[in-house]
Amino acid sequence: MSTLVWIVLPYACLAVFVAGHVWRWRHDQFGWTTHTSQLLENRLLRLGSPLFHLGAFGVIGGHAMGLLVPASWTAAVGISEHTYHLVSVTGGTITGIMLVTGLALLIARRLVNGRIRRVTTTTDRILYAALAAMVVLGMSGTVLINLLGDGYDYRETIAVWFRGIFWFQPDPALMSDAPLVFQLHAIGGFLFLALWPFTRLVHVWSAPLAYLSRPYVVYRGRRTPAPVPQPAPAAVRKVVTPSS
């Protein structure tokens, strides 16, 4: 069971992540978009979207720092474990609150606005539910265990197991004694990666770099009245053709 959960499942999810993006690009390029609904409602989106995205960037950066950078590296540059723990918990809590607030506003927007609710697909509902579950589990580990509780040094266990996946040497024993909330968060993270290519999240790989060099779109106002629509040719022929 340990091998299935901590070795087979991560590799299966990563395979779906890669193959799913290839399939989506080859068969659904027109669907490779955010499916924005800004024209239908902008008030909650204007507040919720920046909070969600800034919080997400902070959370992703914190995960990358905690999982990919070994403790020996930070110690080598003079960062003590206490300092690292303080910065990690503080930054994780702040960015987590931003992410939770933004996600709550985006979900509320789809629930309270009838027009947004009608264009919300089943995939969107699954995505929001998965995001909410990931955020709750992540915040529970950060706040309840590392901030208010006794703390857990995931850099010596979970981070080592995570890096081992990419070196094809994952050690499932490192995850056996991890707190349940961290275990569920890790499992949920890989399942979320498997879901990713089939949702609107694919738009994150389409950075609009061309916007930096494209010319401005010029809109010109009309100073004269709009021309009167001309009748269709068929209607003109019908009028001028003499009756038999």
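Everything quoted here is computed from the prediction, not taken from an experiment.
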Criterion side-chain contact (heavy atoms from CB on, under 4.5 Å) on Thr157 and Asp177, from CA distance to verdict: CA-CA 9 Å; Thr157 55; Asp177 295 329; over 6 Å; no

For residues Thr74 and Arg155, is any side-chain donor paired with an opposing acceptor at under 3.5 Å? yes

So, taking the atom named CZ in Phe166 and the one named CG in Leu68, what distance separates them when rounded to the nearest 0.5 Å? 7.5 Å

Looking only at atom types and distance, does a side-chain atom of Thr83 sit under 3.5 Å from a main-chain N or O of Ile79, one as donor and one as acceptor? no

Treating Ile, Leu, Val, Met, Phe, Trp and Tyr as nodes and any side-chain heavy-atom pair under 4.5 angstrom as an edge, say whether Val143 and Leu137 lie in one connected cluster. yes

Can you find a pair of side-chain heavy atoms, one from Phe52 and one from Met98, that are under 4.5 Å apart? no

Do Ile94 and Leu54 share a hydrophobic cluster, counting only Ile, Leu, Val, Met, Phe, Trp and Tyr and linking them when any side-chain heavy atoms are less than 4.5 Å apart? yes

Does any non-hydrogen side-chain atom of Leu191 lie less than 4.5 Å from one of Cys13? yes

When rounded to the nearest 0.5 Å, the distance separating CD1 of Ile158 from NE2 of His185 is 9.0 Å

Report the C-alpha distance between Tyr128 and Thr120 in whole Å, list the side-chain angles of each, state the deciding distance to 0.1 Å, and finish with yes or no for side-chain hydrogen bond (donor to acceptor under 3.5 Å, both in side chains). CA-CA 11 Å; Tyr128 277 106; Thr120 301; over 6 Å; no

Measure the spacing between CG of Leu131 and CD1 of Ile126 and express it to the nearest 0.5 Å. 12.0 Å

For Tyr11, does the OH atom have more than 12 heavy-atom neighbours from other residues, nucleotides or ligands under 6.0 Å away? yes

For a 4.5 angstrom cut-off between non-hydrogen side-chain atoms, does Arg26 reach Val22? yes

Please determine whether residues Val77 and Val69 belong to a single hydrophobic cluster, defined as Ile, Leu, Val, Met, Phe, Trp and Tyr linked transitively by side-chain heavy-atom distances below 4.5 Å. yes

State, to 0.1 Å, how close Gly102 and Leu51 come at their nearest heavy-atom pair, and which atoms those are. CA-CB, 3.9 Å

Qualifying residue for side chain to side chain contact (heavy atoms under 4.5 Å, CB included) with Met139, from Ile97, Val181, Leu99, Leu147: Ile97

Does the side chain of Met175 come within less than 4.5 Å of Phe182's, by heavy atoms? no

Take Leu67 and Arg163, measure what side-chain contact (heavy atoms from CB on, under 4.5 Å) needs, and give me the verdict at the end. CA-CA 7 Å; Leu67 296 176; Arg163 293 194 298 270; 5.9 Å; no

Take Val89 and Tyr84, measure what side-chain contact (heavy atoms from CB on, under 4.5 Å) needs, and give me the verdict at the end. CA-CA 8 Å; Val89 172; Tyr84 175 87; over 6 Å; no

Asp150 side, atom CG; Leu144 side, atom CG - distance, nearest 0.5 Å: 12.0 Å

Any side-chain heavy-atom pair of Pro179 and Ile145 under 4.5 Å: yes

Say whether, by atom type as modelled, one donor and one acceptor occur between the side chain of Asn146 and the main chain of Tyr152 under 3.5 angstrom. yes

Main-chain N/O of Trp6 paired to Trp161 side chain as donor or acceptor, under 3.5 Å: yes

Not counting sequence neighbours, which residues clear side-chain contact (heavy atoms from CB on, under 4.5 Å) with His21? List them please. Phe17, Trp32, Trp196, Pro197, Val202, Trp205

Please determine whether the number of non-hydrogen atoms from other residues, nucleotides or ligands lying under 6.0 Å from atom NE2 of His82 exceeds 12. no

Donor-acceptor pair, distance only, cut-off 3.5 Å: does the side chain of His27 make one with the backbone of Trp23? no

Is there a donor-acceptor pair closer than 3.5 Å between any side-chain N or O of Arg117 and the backbone N or O of Leu111? yes

Considering non-hydrogen atoms only, spot the tightest contact between Gly91 and Thr95 and give its length. O-OG1, 2.8 Å

Examine Phe168 and Val5 and state if one hydrophobic cluster contains both, with Ile, Leu, Val, Met, Phe, Trp and Tyr joined whenever side-chain heavy atoms are less than 4.5 Å apart. yes

For the residue pair Thr199 and Arg24, what are the closest heavy atoms and their distance? O-NH1, 3.1 Å

Taking all atoms of both residues into account, what is the closest heavy-atom pair of Leu195 and Leu127, and its distance? CD2-CA, 4.3 Å

How many angstroms lie between atom OG of Ser176 and atom CE of Met1, to the nearest 0.5 angstrom? 13.5 Å

Pair Tyr154-Val160, side-chain contact (heavy atoms from CB on, under 4.5 Å): steps then yes or no: CA-CA 9 Å; Tyr154 59 87; Val160 178; over 6 Å; no

Going from CG on Leu47 to CG on Leu106, what distance comes out if it is rounded to the nearest 0.5 angstrom? 9.0 Å

Flag if over 12 foreign heavy atoms under 6.0 Å of CD, Gln29: yes

Within-4.5 Å side-chain heavy-atom neighbours: Phe162 and Phe190: yes

Donor-acceptor under 3.5 Å (His53 side chain, Ser49 main chain): yes

Cluster overlap Phe192 with Phe57, hydrophobic side-chain contacts below 4.5 Å: no

Does any N or O in the side chain of His63 come within less than 3.5 Å of the main-chain N or O of Ile60, such that one atom is a donor and the other an acceptor? no

Of all the heavy-atom pairs spanning Met134 and Gly188, show the shortest one and how long it is. SD-C, 3.3 Å

